[in-house]
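Have a look at the structure below, then the notes.
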Amino acid sequence: MTDSGRGAGPDFIEALARGLDVLRSFRPGTPAMTLSEIAGQTGLARPTVRRILITLEALGYVRAADRGYALTPRVLDLGMAYVNALSMWDVARPHMERLVAQTNESTSMAQLDGGDIVYVARVAVPKIVTLAVTIGTRFPAPATSMGKVLLAALPPAELPRVLAEASRSGITARWQPSAEELDAALREVRAKGWALADQDLAPGIRSIATGVRDGDGNVVAAINVTVHAAETSVETLLEDHLPKLLRTAAEISHDWSLTAAVPAVTV
C-alpha cells in the first residue's frame, strides 16, 4: 500500500502518511486485524506498525480487540469534518458542472422566497441572454420553469398565501397568468414532474426545470437548463436536455439525502 515515491519535497511527513496507511488498511468485513496482517496490507515493518498502533490507540482511533486491533467510532470524525464542511451547493456543483458539459448550456438552482425564486447556485456558459443572472437574482416565480416546479410542490393551503406576496424582483414578466391559467399549469407540472417556460419571463429565454428533493422526498430546490430561444428549439430542450436534467436532479437528491443522513457524532 505504501508508495516510496510519494514523499516529494522536504515538507512531506512520512510518519503521518504511514499512520493513514494503517487506518486505511481496515477493510469492510475485517473489523479486527492482527499486527502482522496490518504490516502485510501496508508494506510497513512490524515495529513501525506497532508504534503507529500504540499512537492511534492513545488518540482513541483504534482499540485492542480479541483478534489484534479494531477501529473505534472516533475515526468517523475524520470523514465528518469533510462532510459537515460541505453545503448543499458544494454537493450539487459537480453534478451541475457535468450537466453543463453534456448540454453546453447554463444550469442554475433556485429556492422560493415568497412569490419569487432566488438563485442559489449557478454554472454558466458564456452566452448572451436577455436578463443577467447571478447568485441572489430574483425572478417572479410563475413565469419561470423553476418557479413553476417550486410552486407546484407547495401544500395547497400555502399556495395562495405565497402567490399573494408581491414580487421584489423589479421585473414584469411577459406571462401574466390568471388564477385559472396558473392552476392548470401547476397541475401539469405535478403530473409530469418537470416544467417548461418558453419565453414566459422575457423574450429569448427558454428553460426547463425539475425539483431536487431531500431525504424525505420533499422538493427543497429546483434545477434548470436555460437556452436561447433563437439557438435551441423546444424539441431539443425536451428530447435531449430534459433526460439529462432529470438524471442530474436525481443524482443531487441522492447525494443530499446521503449527506443529511450521516450522523454528526463526536466521540
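Ala185 pairs by the side chain to side chain contact (heavy atoms under 4.5 Å, CB included) definition with Trp175, not counting sequence neighbours. In this structure, the side chain to side chain contact (heavy atoms under 4.5 Å, CB included) partners of Ala153, at least two apart in sequence or on a different chain, are Val219. The side-chain hydrogen bond (donor to acceptor under 3.5 Å, both in side chains) search around Arg93 returns none, not counting sequence neighbours.
Arg213 approaches Val220 most closely through the heavy-atom pair C-CG2, 4.2 Å. Here the shortest heavy-atom pairing between Val123 and Met96 reads CG2-CB, 3.8 Å. The heavy-atom pair separating Met146 from Ser108 by the smallest distance is SD-O, 3.6 Å. Contact detail for Gly19 and Leu56: the closest heavy-atom pair is O-CD1, 4.3 Å. Between Val149 and Gly211, the shortest heavy-atom distance links the atoms CG1-N, 3.5 Å. Glu181 approaches Pro177 most closely through the heavy-atom pair OE1-CA, 3.2 Å.
A distance of 10.5 Å separates CD in Glu97 from NE2 in His95, rounded to the nearest 0.5 Å. We find the CG-CG distance between Asp255 and Asp90 to be 12.5 Å, quoted to the nearest 0.5 Å.
Using a 4.5 Å cut-off on side-chain heavy atoms (C-beta onward), Arg98 and Glu251 make contact. For the pair Val225 and Ser106, the minimum side-chain heavy-atom distance is 4.5 Å or more. Residues Trp194 and Leu242 are in side-chain contact: their nearest non-hydrogen atoms beyond the backbone lie under 4.5 Å apart. At a threshold of 4.5 Å between non-hydrogen side-chain atoms, the residues Leu159 and Leu151 count as touching. Side-chain contact check for Asn224 versus Ile208: every heavy-atom pair is 4.5 Å or farther apart.
Hydrophobic cluster membership is shared by Leu99 and Val125, with clusters built from Ile, Leu, Val, Met, Phe, Trp and Tyr side chains linked at under 4.5 angstrom. Side-chain heavy atoms closer than 4.5 Å link hydrophobic residues (I, L, V, M, F, W, Y) into clusters, and following such links, even through other members, never connects Val133 to Val118.
More than 12 heavy atoms of other shown residues, nucleotides or ligands fall within 6.0 angstrom of atom CG in Leu16.
Distance alone, capped at 3.5 Å, places no donor-acceptor pair between the Thr236 side chain and the Thr232 backbone. Formation of a donor-acceptor pair under 3.5 Å by the Thr210 side chain with backbone atoms of Ala222 is not found in this model. Glu105 places no side-chain N or O within donor-acceptor distance of the main-chain N or O of Val227, the cut-off being under 3.5 Å. Between the side chain of Thr107 and the backbone N or O of Val100 there is no donor-acceptor pair closer than 3.5 Å. With Arg74 contributing its side chain and Leu59 its backbone, the two residues share a donor-acceptor pair below 3.5 Å.
If you check the side chains of Ser36 and Thr34, you find no donor sitting under 3.5 Å from an acceptor.
The only member of Leu44, Val49, Leu20, Thr42 that meets side chain to side chain contact (heavy atoms under 4.5 Å, CB included) when paired with Ser25 is Thr42.
Among residue pairs with one or both ends in residues 132-151, those qualifying as side chain to side chain donor-acceptor pair (under 3.5 Å) are Asp113-Arg138, Asp116-Arg138, Thr134-Thr137, Ser145-Ser207, Lys148-Asp200; sequence neighbours excluded. Residue pairs meeting the ring pair (Phe, Tyr, Trp, His ring centres under 6.0 Å) criterion with at least one partner in residues 135-174, sequence neighbours excluded, are Tyr119-Phe139. Under the side chain to side chain donor-acceptor pair (under 3.5 Å) criterion, the residue pairs touching residues 49-70 are Glu37-Arg67, with sequence neighbours excluded.
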Q: For side chain to side chain contact (heavy atoms under 4.5 Å, CB included), just list the numbers for Arg122 and Ile135, CA-CA rounded to whole Å, side-chain angles, deciding distance to a tenth of an Å, and then say yes or no.
A: CA-CA 7 Å; Arg122 180 167 170 81; Ile135 303 302; 4.1 Å; yes

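Note on Asp21 versus Arg24: salt bridge recorded, some NZ/NE/NH1/NH2 to OD/OE distance being below 4.0 Å.
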